[in-house]
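FYI, side chains are in, hydrogens and waters are out, and symmetry mates aren't considered; it's all heavy atoms of this structure.
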Amino acid sequence: MLADRILSASLGSLLTRDNLNYLEQLLARFKEDPNQVDPAWHLPLSLLGDTVPSPAPATASVDEIRRLLRQKGHLVAALDPLAPATSTLTALDRAASLAPGAGELDYKALADVYCGTLGLETEHIDGEQLRNWAYAAFEAYESQSADWAEFGRTIVEATEFERLMEKKFTAKKRFGAEGAEAVVLLLKRMLWRLSVQGVDKVVIGTMHRGRLNLLSNALGRPLSVTLAEFSGKHPFANQTAADVPYHLGWEGTVDVGGGRQMIIDLLPNPSHLEAVNPVVIGKARGLQDSTGQSIATIILHTDAAVIGQGSIAELLQLSGLSGFSTGGTVHIVINNQIGFTTNPAEARTSRYCTGAWKATDSLILHANGDAIEAVTKAADIAVDYRCSHQRDSVIDLVCYRRNGHNEIDEPRFTQPVLYQTIDTHPQLADICSKYLIDKGLATEEAIEAWKTSYAAHFSTVFDEVKKDLGTPRIVKPIVTAATTFRPQTGVDVSLLSDLLVTLSEPPADFPIDRRLERIVRGRAQLQQTGINWPTAEALAFATINSDGISVRLTGQDVVRGAFSHRHFELNNVRTGERLVQIGRANQNRSMFDVRNSPLSEYAILGFEYGYSLARPDCLVIWEAQFGDFANGAQIIIDQFVASGKEKWDVDSNLILMLPHGLDGQGPEHSSARTERFLQLSQPANLDVAMPSTPANYFHLLRAQAKRTEKRPLVLLSAKALLRHPAALSPIEDFGIDATFLPVLSSKPASQRPTALVIFCSGKIAYELERRRDERGLTDIAVVRIEQLAPFPARELAEILGPWQTAVAVFLQEEPENMGSAEYLRPRLETVLRQVHWEQPGVQVVARSASGSPAGSFHGLHEQDQSALIDRALGVSNAREHEPVWGAGR
């Protein structure tokens with residue numbers, strides 16, 4: 001039977017079929033004897049037995065019928081455009097399956113609303129006021145017939161766009177919208193409705209599917225730009241490596257109808273599914289914080305990705321948090337009813353692909369993608385819910401893919417039955433045209449004129465673009481490697497002294513924890529004894545604010561500091577009132593925004609990257625609780641932070657603050673994976689630094705805030721040095737003439753020539769220098785490389801020139817296959833040859849190669865560390881054996 005073929009082709013939406021009678025018969029046969037039913041049906045039918053809506057009692061009251069229709073109507077609504085065309089079930093018929101009596105004509109209006117082609121989910125919403133708002137909006141909505149001709153024209157033009165793109169660019173991937181053309185109308189309607197609600201600008205993120213169509217027919221980008229890029233014209237004047245056309249962004253103004261205009265900012269994004277979402281939200285929040293505009297967000301997804309990617313859950317939890325909310329996002333899910341080649345029953349457990357939104361009181365709508373009235377109603381109600389309640393709403397646009405995952409892929413290899421249905425299914429433009437003609441809203445001649453006019457415009461633009469392509473220019477790097485950045489970072493000592501006093505005095509009548517009070521008041525003594533790491537950081541942020549630059553710092557537990565070192569926020573022990581000291585020091589709380597984030601890396605780093613795009617005037621910092629936890633955000637690091645400039649020509653000044661250092665705390669609390677960031681930094685995508693003194697840390701933060709050439713900074717920050725007695729900097733090192741030093745060196749005063757130079761980075765320098773000095777080794781120099789990338793070749797050459805007869809060693813805590821050794825060694829050897837060293841080779845001293853970045857037993861860690869230092873210093877015969885890792889290694 002045709003019904004068998006259609007139902008088995010899309011198992012994940014069984015309860016959205018018109019032909020419920022057939023479905024019930026199939027289920028009854030299965031319950032009687034499973035062998036009567038094809039084995040492919042056994043799993044879905046076994047699950048279906050528990051999910052078919054139970055009928056109401058025979059004596060259901062009017063109120064009970066109304067409740068059932070409102071709450072359960074979506075279960076029987078006609079949502080699937082590929083459902084059997086022969087079905088004669090009406091909305092009243094479908095309503096009757098929910099409750100006896102609901103099929104009476106008295107309930108026709110409610111049945112049409114809740115059991116038609118648009119479904120509403122509200123049972124998950126906790127607030128009764130929110131549910132009642134949704135019911136009232138759903139039932140009071142009236143479509144304006146005057147709009148229908150424009151709706152039809154939009155669909156016709158979207159369809160013509162895909163037809164002409166296929167004709168002009170045969171066999172070229174474009175990820176067209178065929179089967180989901182309604183998304184163009186849906187997005188256009190949303191923009192109009194947002195404009196009516198007073199929104200000035202919309203930040204948008206979307207996947208590949210239909211992106212070119214949306215750009216040209218909904219978002220106002222000139223068709224000439226789309227065709228030029230797709231024909232091979234480079235999108236950027238600086239000739240970077242760039243990206244494929246269906247990944248690129250667009251910012252401009254679009255006419256949304258009724259004499260209204262809207263500013264559009266479609267962000268560029270990679271192929272990695274759903275990765276752009278937090279970037280959209282972050283950029284919108286940055287714009288809200290820095291402009292007087294009303295900013296909204298729209299994010300488009302596809303069904304398989306939105307239910308399969310865990311980043312969605314992370315993203316949705318940001319929607320109501322004060323530091324991350326944007327007043328609600330309108331989400332669109334293009335529900336293809338299939339993944340790449342994966343059926344819904346293989347891709348998810350939940351009934352709908354929008355299940356994640358149930359966690360956040362979001363409004364969930366399911367619209368039949370072939371029903372234009374359902375699509376436009378969904379757009380209006382979703383926007384109104386967002387604007388009325390500052391909450392997310394989501395539209396599940398149930399449609400299909402007329403082609404495969406892309407135009408080259410063949411979907412009939414894996415879904416032959418489904419595509420037999422699709423091949424015979426009429427295009428939406430034809431369905432819409434017939435409706436307009438039947439209703440007298442447009443003539444056949446007018447519709448043909450729309451097609452002809454759009455095709456002529458497309459052809460004219462295409463011909464002009466072809467003439468203008470010319471000879472492709474040679475691609476050149478977008479950036480050239482710079483040795484160091486040196487803005488003025490020193491601060492007048494008198495200002496630092498004043499800030500120290502303010503930061504060390506809790507306000508009067510503001511009692512705080514007595515132990516914390518000792519820490520706070522102790523800051524005042526540091527001017528005499530030396531500035532420690534936490535205080536250097538606080539002074540950096542306070543002076544950055546004094547320079548008129550805002551600071552935003554987020555991450556897990558950053559307000560107190562994961563290592564109980566910051567205490568930016570004081571808590572009144574009597575009232576619970578909170579006070580941020582740095583904001584108080586600058587008389588401007590808004591300039592210093594420090595917030596604890598949810599337990600998320602992926603979404604939070606994406607958010608802060610997006611925020612940095614919108615706020616070049618703000619120093620934006622994301623701190624991982626431990627540097628290792630950056631693994632959870634690696635997609636954002638790879639796809640955006642490190643490569644965004646080359647792919648999309650976007651600038652970010654973001655700092656990734658990653659606590660780093662092997663302290664015997666195990667594999668997940670030791671290494672920020674320096675080697676990964678050094679690989680990504682080339683040729684000049686990232687700066688990577690591992691400061692070892694509070695003063696250098698202070699200057700790095702200030703330099704990043706003040707630099708004009710925007711580039712992300714990976715700051716491998718200290719853990720052990722937060723309270724290390726030797727990790728102190730005199731206040732003069734912060735003074736007006738001081739600056740960040742990319743290389744630091746030490747050698748005991750001695751007449752003996754330098755025999756050994758040990759290069760290192762980070763905290764191991766302190767242990768190395770202490771051991772050297774304890775043993776009276778006056779012919780050994782220790783050189784700390786504080787800036788790893790860009791590599792400080794000039795500064796090293798200045799230091800190393802006089803030591804041409806020495807031997808060079810690079811010492812690191814990490815295993816030899818990790819850390820910075822393999823990045824630094826060839827660069828160091830190049831410098832040594834340039835300054836004419838007799839032995840320019842560099843020996844690496846490191847832990848044995850391993851798949852794990854660190855061991856776990858503290859005593860063995862100390863043994864390993866001691867053995868490493870002995871090997872580097874060349875003491876006794878330690879050079880001849882490897883340090884042990886621990887038991888079993």
Side-chain angles (χ1 to χ4, degrees), residues 289 321-324 491 495-547 549-599 604 608 618-625 655 657 659 694 697-698 701-702 705 717-719 721-723 727-729 731 734:
D289 287 352
L321 303 181
S322 62
F324 304 92
V491 177
L495 173 59
L496 295 173
S497 299
D498 292 343
L499 288 172
L500 272 177
V501 171
T502 304
L503 293 173
S504 63
E505 293 181 354
D509 300 321
F510 195 92
I512 62 175
D513 182 270
R514 284 180 293 177
R515 293 163 297 175
L516 177 57
E517 185 173 0
R518 287 197 298 270
I519 295 172
V520 172
R521 293 193 181 281
R523 295 168 180 164
Q525 308 304 316
L526 297 178
Q527 185 165 346
Q528 289 74 43
T529 61
I531 307 296
N532 61 18
W533 201 280
T535 306
E537 179 184 69
L539 288 173
F541 293 150
T543 56
I544 289 168
N545 283 174
S546 296
D547 291 337
I549 301 171
S550 296
V551 176
R552 177 181 168 93
L553 168 64
T554 66
Q556 297 159 20
D557 308 297
V558 296
V559 177
R560 191 203 73 175
F563 310 106
S564 194
H565 61 286
R566 284 202 177 101
H567 303 293
F568 282 154
E569 189 175 79
L570 305 182
N571 294 271
N572 189 313
V573 295
R574 294 176 186 164
T575 66
E577 180 187 356
R578 298 178 176 185
L579 177 73
V580 176
Q581 283 285 80
I582 290 178
R584 174 172 166 261
N586 287 279
Q587 304 300 312
N588 191 343
R589 170 68 181 88
S590 64
M591 292 186 68
F592 183 67
D593 191 12
V594 55
R595 297 180 185 269
N596 292 332
S597 76
L599 196 66
I604 297 300
E608 299 306 331
C618 179
L619 180 64
V620 183
I621 305 169
W622 172 72
E623 181 179 74
Q625 192 170 64
I655 293 180
M657 197 176 290
Y697 179 50
F698 170 90
L701 292 174
R702 285 183 50 78
S717 58
K719 295 188 298 174
L721 299 184
L722 293 174
R723 296 178 178 84
L728 299 171
S729 296
I731 198 166
F734 302 80

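- Because its NZ or CZ atom is both nearer than 6.0 Å to the ring centre of Phe324 and within 45° of the ring axis, Arg552 counts as a cation-pi partner of that residue.
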Residue pair Arg595, Leu321: steps toward the side chain to side chain contact (heavy atoms under 4.5 Å, CB included) verdict: CA-CA 10 Å; Arg595 297 180 185 269; Leu321 303 181; over 6 Å; no

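- Taken from CZ in Arg702 to OH in Tyr697, the straight-line distance is 14.0 Å, to the nearest 0.5 Å.
- Counting only distance, with no hydrogens or angles, the side chain of Asn532 and the backbone of Ala536 share no donor-acceptor pair below 3.5 Å.
- When atom types are taken as modelled, the side chain of Ser564 and the backbone of Arg560 share no donor-acceptor pair closer than 3.5 angstrom.
- Under a 3.5 Å cut-off, the side chain of Thr535 and the backbone N or O of Ile531 do not form any donor-acceptor pair.
- At a threshold of 4.5 Å between non-hydrogen side-chain atoms, the residues Phe698 and Val491 count as touching.
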Asn572 and Leu579: CA distance, side-chain angles, deciding distance, side chain to side chain contact (heavy atoms under 4.5 Å, CB included) verdict: CA-CA 8 Å; Asn572 189 313; Leu579 177 73; over 6 Å; no

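- Contact detail for Ala538 and Phe568: the closest heavy-atom pair is CB-CE2, 4.0 Å.
- Taking CZ of Arg518 as the reference point, atom CG of Asp513 lies at 8.0 Å (rounded to 0.5 Å).
- To the nearest 0.5 Å, atoms CG (Leu599) and CD1 (Ile604) are separated by 10.0 Å.
- Within the 4.5 Å cutoff, side-chain heavy atoms of Met657 are placed close to those of Leu701.
- Rounded to the nearest 0.5 Å, atoms CG (Asp557) and CZ (Arg566) are 10.5 Å apart.
- The CE atom of Met591 sits 8.5 Å away from atom CG of Asp547, with the distance rounded to the nearest 0.5 Å.
- Remark: Leu499 CG to Arg523 CZ distance equals 12.0 Å, nearest 0.5 Å.
- Side-chain contact between Ser504 and Leu526 is absent, with no heavy atoms from C-beta onward closer than 4.5 Å.
- Between Ala624 and Pro659, the shortest heavy-atom distance links the atoms O-CD, 3.2 Å.
- Heavy atoms only, all atoms of each residue included: Pro507 and Leu570 are closest at CD-CD1, 4.4 Å.
- Among all heavy-atom pairs drawn from Phe563 and Gln625, the shortest one is CZ-O, 3.8 Å.
- Considering only heavy atoms from C-beta on, Arg521 comes within 4.5 Å of Pro506 through its side chain.
- The closest donor-acceptor contact from the side chain of Asn596 to the backbone of Val558 lies under 3.5 Å.
- Note on ring orientation: taking the six-membered ring where Trp is involved, the planes of Phe541 and Phe592 are tilted (angle from 30° to 60°).
- For Val573 against Ile512, the heavy-atom pair with the smallest separation is CG1-C, 3.6 Å.
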